[in-house]
Amino acid sequence: MAKIPLGISQCLMGEKVRYDGSHKRNRYLMDVLAEVVEFHPVCPEVAIGLGIPRKPIRLVIKDGETRVRGIENPDLDVTGALAAHAEKVVQQMPDICGYVFIQNSPSCGVFGVKRYLPNGNSIDREGRGAYAKRIMELMPLLPVEEAGRLNDAGLRENFLARVFAYYDFKTHIAPEPTAKKLIEFYSRYKYQVMAHHVPSYFAIGRYLSNLAARDIHKSSEEFFQLFMEALTHHATRKGNTNAMMHLRGYLKAILDTQDKQELSQLIDSYKAGHVPLVVPLTLLKHHLIKLDNPYLKSQTFWSPHPEYLGLRNHIIED
C-alpha cells in the first residue's frame, strides 16, 4: 500500500525549529509510524518569519478574544499570520489524511494550551494554537492528534484507525462516488463502526437505504461526515465485545461445543479486562475463515490498521 500523507509539526521530526533552536523528535512517529505514512512537515512560526531562535509567544486573552502575542514584546501579534499560513498549507496539502501536532504550543497545540491575561497571569488551559485551530476549521473531518497524547495506547489506536479509514475513503470513493461504492464501502466497515458507536451504526444504515433520491456527490459528503464522526467515538471493551458477539453468531452451525466454549471464554475474558482484544479476535477470525464468506473476510474490524503496528496489543479501557 502507498504511504498515507500525514501533516506533522516539523519539530517532531527532529528538525531544530523550536523557538530556542531545539527539536522534539518523536521516536514512535519517526521509527515506527514512518513505515506506513509520508510526513509533510510544517513549522508555522518559522514559515511566517519569526526565525530560529526567536522570542517566545503565547496565547493571550484580551477583550474576550484569544490572540497569539509576544511575551517580551506584547505588541507583536501573529494570530492572523498563523491562520493565513494554515489556509496556505491546506491549499498546498489537500491530500493529507491526518495531522500530528506538537502539544502545548501557541501555534500548534490542539488540547489544553495555557492562556494568559495581558498582565502575564495564567488564566486557564482552554486554548488552542492559532495555526492548528485554523487547520481544523478548514478540514473539520481530518483526524488530528497531539504527539504527547499518542503515548496513550487507546488514543493512538483511535487516531490511526481514523487516519486509515479517511485515506481509504478519499482514495477509493471520493474521486468518483456512486451509490454502489458507498454501500460496499460501508459494508466493509460495519462491525468497526458498531464497535465504536452503535447509534451511528444504525444511523448510517438508514441513511444509505435511501440514496436514489439524492445527489450522489452530496450524499457522499454527508455519508463521510457521519462515518468519520462515528469513528471519533472510541471503541471500548463493551463495543468490541458487542461486535464480536454479532460475528460469533455466524459460527453457530459450524463449531462444536468445545470450540464454542473456548471462544466464549476468551470473549468474556476480554470483556472483563483480563486479556487484550487481539486474543479473542484472533480465534474468532480463525473460525470465520472456515466459512469462506467474502463479506466477513472484508471486514475492517479485523485489521483497521496494519497488524504489525501492534495497536491492539493492549487492553482498551471503557
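Because the structure is predicted, anything quoted here is derived from the model rather than measured. Counting from 1, the numbers follow the sequence of the chain as shown.
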Undergrad: Output the distance between atom NE2 (H287) and atom CG (L255), rounded to the nearest 0.5 Å.
TA: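 Answer rounded to 0.5 Å: 5.0 Å.
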Undergrad: May I ask you to establish whether R128 and F101 are in a cation-pi arrangement, using a distance under 6.0 Å from NZ or CZ to the six-membered ring centre and at most 45° from the ring axis?
TA: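 Pair R128/F101 does not count as cation-pi.
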Undergrad: Please determine if E221 and K218 form a salt bridge, counting it only when a charged side-chain N lies under 4.0 Å from a carboxylate O.
TA: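 No, no charged N to carboxylate O under 4.0 Å.
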Undergrad: Under 3.5 Å, is there a donor-acceptor pair between the side chain of K3 and the main chain of A34?
TA: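 Yes, the answer is positive, given that a donor and an acceptor are paired below the 3.5 Å cut-off.
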Undergrad: Just checking, is any N or O donor in the side chain of Y250 or N293 under 3.5 Å from an acceptor N or O on the other one?
TA: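 Per modelled atom types, Y250 and N293 side chains form no pair under 3.5 Å.
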Undergrad: Is a side-chain N or O of Q103 found less than 3.5 angstrom from the main chain of G148, in a donor-acceptor match?
TA: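 The answer is yes, because a donor-acceptor pair under 3.5 Å joins these two groups.
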Undergrad: With no hydrogens and no angle check, is any side-chain donor or acceptor of D63 less than 3.5 Å from a backbone partner on E65?
TA: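 Flag not set: sc D63 to bb E65 has no pair under 3.5 Å.
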Undergrad: For residues 183-212, which residue pairs qualify under salt bridge (charged side-chain N to carboxylate O under 4.0 Å, His left out), counting only residues two or more places apart or in two chains?
TA: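 Those involving residues 183-212 are D168-R188, K180-E184.
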Undergrad: Please identify each residue that fulfils ring-ring contact (aromatic ring centres under 6.0 Å, His included) with F301, with sequence neighbours left out.
TA: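 So F301 forms no ring-ring contact (aromatic ring centres under 6.0 Å, His included) with any residue.
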Undergrad: Using the six-membered ring wherever Trp is involved, compare the ring planes of H197 and H233 and label them parallel, tilted or perpendicular (cut-offs 30° and 60°).
TA: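 Plane angle under 30°, so parallel.
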Undergrad: Donor-acceptor pair, distance only, cut-off 3.5 Å: does the side chain of Y99 make one with the backbone of S9?
TA: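 Side chain of Y99 to backbone of S9, a donor-acceptor pair under 3.5 Å: no, none is there.
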Undergrad: Can you see whether H234 engages E157 through a side-chain donor-acceptor pair at a distance of less than 3.5 angstrom?
TA: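 No pair is found: no donor N or O on one side chain lies under 3.5 Å from an acceptor on the other.
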Undergrad: Quick one: CD on Q299 to OH on Y189, what's the gap to the nearest 0.5 Å?
TA: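 Rounded to the nearest 0.5 Å, the CD-OH separation comes to 10.5 Å.
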Undergrad: Say you draw a straight line from CD1 of I204 to CZ of F223; how long is it, rounded to the nearest 0.5 Å?
TA: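 Reported value, rounded in 0.5 Å steps: 5.5 Å.
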Undergrad: Around atom NZ of K252, are there more than 12 heavy atoms from other residues, nucleotides or ligands closer than 6.0 Å?
TA: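 No, not enclosed.
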Undergrad: Using modelled atom types and a 3.5 Å cut-off, is there a donor and acceptor pairing between side-chain atoms of S187 and backbone atoms of I183?
TA: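 Looks like yes, one N/O pair under 3.5 Å.
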Undergrad: Using the rule given for side chain to side chain donor-acceptor pair (under 3.5 Å), can you reason through Q91 versus E87, listing the C-alpha separation, both sets of side-chain angles and the distance that settles it, and then say yes or no?
TA: CA-CA 7 Å; Q91 292 177 350; E87 295 170 4; over 6 Å; no
Undergrad: Looking at P304, is its backbone amide N or carbonyl O close enough to the side chain of Q192 to form a donor-acceptor pair, meaning the two atoms are under 3.5 Å apart?
TA: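 Side chain of Q192 to backbone of P304, a donor-acceptor pair under 3.5 Å: no, none is there.
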Undergrad: Which salt bridge (charged side-chain N to carboxylate O under 4.0 Å, His left out) pairs, counting each pair once, include a residue from residues 21-48, with sequence neighbours left out?
TA: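 Residue pairs with at least one partner in residues 21-48: R25-D31, E45-R54.
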